[in-house]
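See structure below.
We number each residue from 1, following the sequence as shown. The figures that follow rest on heavy atoms only: side chains count, while hydrogens, waters and symmetry mates do not.
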Amino acid sequence: MKTLIFVFLGGGIGSSLRYYISTLINYNEMKWIPTLSVNIIGCLLLGGFLAAFHKEQMAQHWYILLGVGFCGGLTTFSTFSAELLLLIKNASYTSAITYLFLSVVLGIIAAGLSYSIIDKNLSL
């Protein structure tokens, strides 16, 4: 039950932050920019949390709260999928390909970069 509460609290905070960021970043024709932004931020954070957890520098309850809950609420793969579908449906193929490529590639780079930095610094 404690684990579920951690996921709930982290997810609520992450979801609230995602909504707040989407209201701050308003691109008229490229409505996917806020989602891309939070997904990259979430990947960056999750990579670091995962590295710290793997190095046993982050307790499991903190990883559940921050990695599973917060990052799960902050990142928006379902929203990403729906926005990508709408771009394709509206024949905005260049935006769709750009959004898909940037989300996947930058997400992997952000998670890897963060993981590497935390992993290296915890080894010292």
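Between the OG atom in S92 and the CD1 atom in I97 there is a gap of 11.0 Å [rounded to 0.5 Å]. Residue I41 holds its CD1 atom at 13.5 Å from CG of L46, rounded to the nearest 0.5 Å. Residue Q57 holds its CD atom at 15.0 Å from CH2 of W62, rounded to the nearest 0.5 Å. Between the OG1 atom of T3 and the CG atom of L65 there is a distance of 11.0 Å, given to the nearest 0.5 Å. Rounded to the nearest 0.5 angstrom, L106 CG and S37 OG are separated by 10.0 Å. Taking CH2 from W32 and OG from S103, the interatomic distance works out to 7.5 Å, rounded to the nearest 0.5 Å.
Here the rule is side-chain contact (heavy atoms from CB on, under 4.5 Å) with N39, and of V104, L102, L74, T75 only T75 fits it.
Using a distance-only test at 3.5 Å, with no hydrogens or angles considered, no donor-acceptor pair links the side chain of S114 to the main chain of A110.
The shortest heavy-atom contact between F6 and H61 is CE1-CB, 3.4 Å. In this structure, G67 and C71 approach most closely via the heavy-atom pair O-CB, 3.1 Å.
Contact of the K55 side chain with the D119 side chain is registered, since non-hydrogen atoms from C-beta on lie closer than 4.5 Å. Taking the side chain as every heavy atom from C-beta outward, F8 and L4 never approach each other to under 4.5 Å.
Aromatic ring pairs are classed by plane angle as parallel below 30°, tilted from 30° to 60° and perpendicular above 60°; the pair Y99 and F80 is perpendicular.
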